[in-house]
Amino acid sequence: MSEASQPLLAHRSALRRVDWSAPAVCAIPVAVVAVMAWMLGEIAWLGADKLSWTFLTEAPRNAGREGGIGPIIASTGLIVGICLATALPLAVATSVLIAEYLPAHSRTVRVMRTLLDVLAAVPSIVFGVFGYAFFALALGFGFSILSGGLTLATMILPILIGSIEQSLRAVPLDMRIAGAGLGMTRPAVIARVLLPLASPGILAGTLLGLGRALAETAALVFTSGYVARMPESLLDSGRTLSIHVFDLSMNVPGGSGPAAGTTLLLVLLLLVLNGALLWLIAIWRRRTGMSFTLTP
Amino acid sequence: MADSHLASADRHELHLDALDRHPDVADAATSPANGNGPAAQRQGEPVWQVRDLNVTYAGMAALSGIDMDIHDGGVTAIIGPSGCGKSTFLFCLNRLSDLIPGCRVDGRVMLHSHDIFSPGTDLTALRRHVGIIFQKPNPFPTTIWRNLEMPLKQSGIRDKAEIAARIEECLTAVGLWNEVRDRLRRPALGLSGGQQQRLCIARALTLRPEALLMDEPCSALDPIATGVIEELIGEFRGKYTTVVVTHNLGQARRIGTDVAFFWNEGRGGRIIERGPVEKVFDAPEDDLTRLYVEGRIA
Ligand SMILES: Nc1ncnc2c1ncn2[C@@H]1O[C@H](COP(=O)(O)OP(=O)(O)OP(=O)(O)O)[C@@H](O)[C@H]1O
Ligand SMILES: [Mg+2]
């Protein structure tokens, strides 16, 4: 064997090692995707025949075994609506304060960020207990859609603030100086230049918060309760989709059919919201001529 | 020479809000008496009088003891090696220095005898009155139209016809109207670098400023786009008071009426020599200036 063939052989064996490891590496994501597909497939399989116009509009009967989820959809919409309507403006205001007005390394900002990090890591049941003590008892809202929505708002606030602050900081200093150089006041630069530029990040954060809110059960059991009647006011108790799924699965023998139908609706809702987000970001890209990726 | 202006300064006590220039006032400045070269400009009151300006960044000196007059309708070229404080100087002329963390300014910057660093200065009015252009074109990432409309609306102009007229006027002034008239609603970031820079100049012009500050406006552009901008600055002579920072000595000579040569020996940038462009380039008094303009030191 000539000397020249030695490196070639070494090269071959290296290739062979790669040949073995590549499928192994590929197998991990394939397995993860397969598990997800299986879960979604099962939900779709079990829930598909449940999803009908009557199921979506009728009130539940016989503890939810029969009838539909109309009032539950309404309560979910109200609770999530209150949650976003309070959390979003508060989060935007707080992020603007942190990112634009307070000095970046000031003590106040450090303390606020630590508190927000702690809040983001608090288990949701703690928010439930807080919401019960504060909104339901202290403010007298009782077990109500209002208490539930506000409790969810406090819960997703740290997530929203985190992502909005980050996207504000990601706007280049250029834009601030360009605005100031044109004699725009600081609030005008923030409202007209920075927030529009940060809007994909704000939308992404909102979706993340919305996902958390839609999935929540523990914090709501203590605050909005689980009455499955059609709410007549914000001070009525109301049951969300997630709580309905939880209740049907845990407390109602023979409730797995409607549970699967409700779960399928939740999954579809999240898919639609994600689709809407991508669509809005595509519009934003076309308008601004800028590129934006969700994972910078 | 410079200090003689200070004696007459007090009769010129103006407030910035009153400085909003009317187009006909700007046009009047193009009359031969004002626009015919540096000698003629010496006659008027300087637009800026900078006295003993010292700037530090977090304690580190960036400019020390700058004295300078900037004349009406002229193009003042600021030259000097990197880090000598040219941008810093420019930022002090409209107080954008306020935005830079750690930047401390000492001394007086008088704009028509009003010290712009005195408390109570209306920064919004000041910056509308003095436009600024940067090295990297910085259009807002929105449509061409909205880029131009935003500063106008912010300055309180609501009349649609007036806004449209000013936008066309300013795009025409920078030679961009015919290139973009059909794509005003398209993203500004879709324009070429040179077009973006001209858009930024047009955006500053919409507010009808008296003066324009330009920080290396061509250094991100190709030679042809550079030529277009240089020509434009040539047209500004007599209409606007222009201060241009440039690394390109040929450019300083082509477009400048006055030149200031900055140099930093480590204790903050100083002005080594300033004066009419012919004098500084052809008959410099200082040896350092001579070496620099001959391109023998960088
Ligand atoms: N934001 C800042 N923070 C701290 N130091 C700064 C800052 N900006 C500038 N400096 C320092 O101040 C000095 C002058 O900077 P400046 O940007 O004004 O120089 P310049 O002449 O414009 O240089 P260039 O030709 O490279 O643009 C430099 O030594 C620089 O390091
Ligand atoms: Mg510079």
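Protein chains get the first letters and strands the later ones, always in sequence-line order, with residue 1 at the start of each.
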Considering residues, nucleotides and ligands other than [X], do more than 12 of their heavy atoms fall under 6.0 Å from its [atom1]?
X	atom1	answer
B/R104	CZ	no
B/R166	CZ	yes
A/R113	CZ	yes

Does [X] reach the side chain of [Y], with side-chain heavy atoms less than 4.5 Å apart?
X	Y	answer
A/I177	B/L96	yes
B/R127	A/M184	no
A/L182	B/Q154	no
A/P196	B/T142	no

Compare every heavy atom of [Y] with every heavy atom of [X], then report the nearest pair and how far apart it is.
X	Y	value
B/M150	A/V193	SD-CG2, 3.9 Å
B/I132	A/G181	CG2-CA, 3.9 Å
B/R128	A/G183	NH2-O, 3.3 Å

Between [atom1] of [X] and [atom2] of [Y], what distance do you get to the nearest 0.5 Å?
X	Y	atom1	atom2	answer
B/F140	A/T288	CZ	OG1	14.0 Å
B/R185	A/R287	CZ	CZ	11.0 Å
B/L99	A/L173	CG	CG	7.0 Å

Which region of [X], side chain (C-beta onward) or backbone (N, CA, C, O), has a non-hydrogen atom less than 4.5 Å from a non-hydrogen atom of chain A, or is it both or neither?
X	result
B/R95	neither
B/K153	neither
B/P101	neither

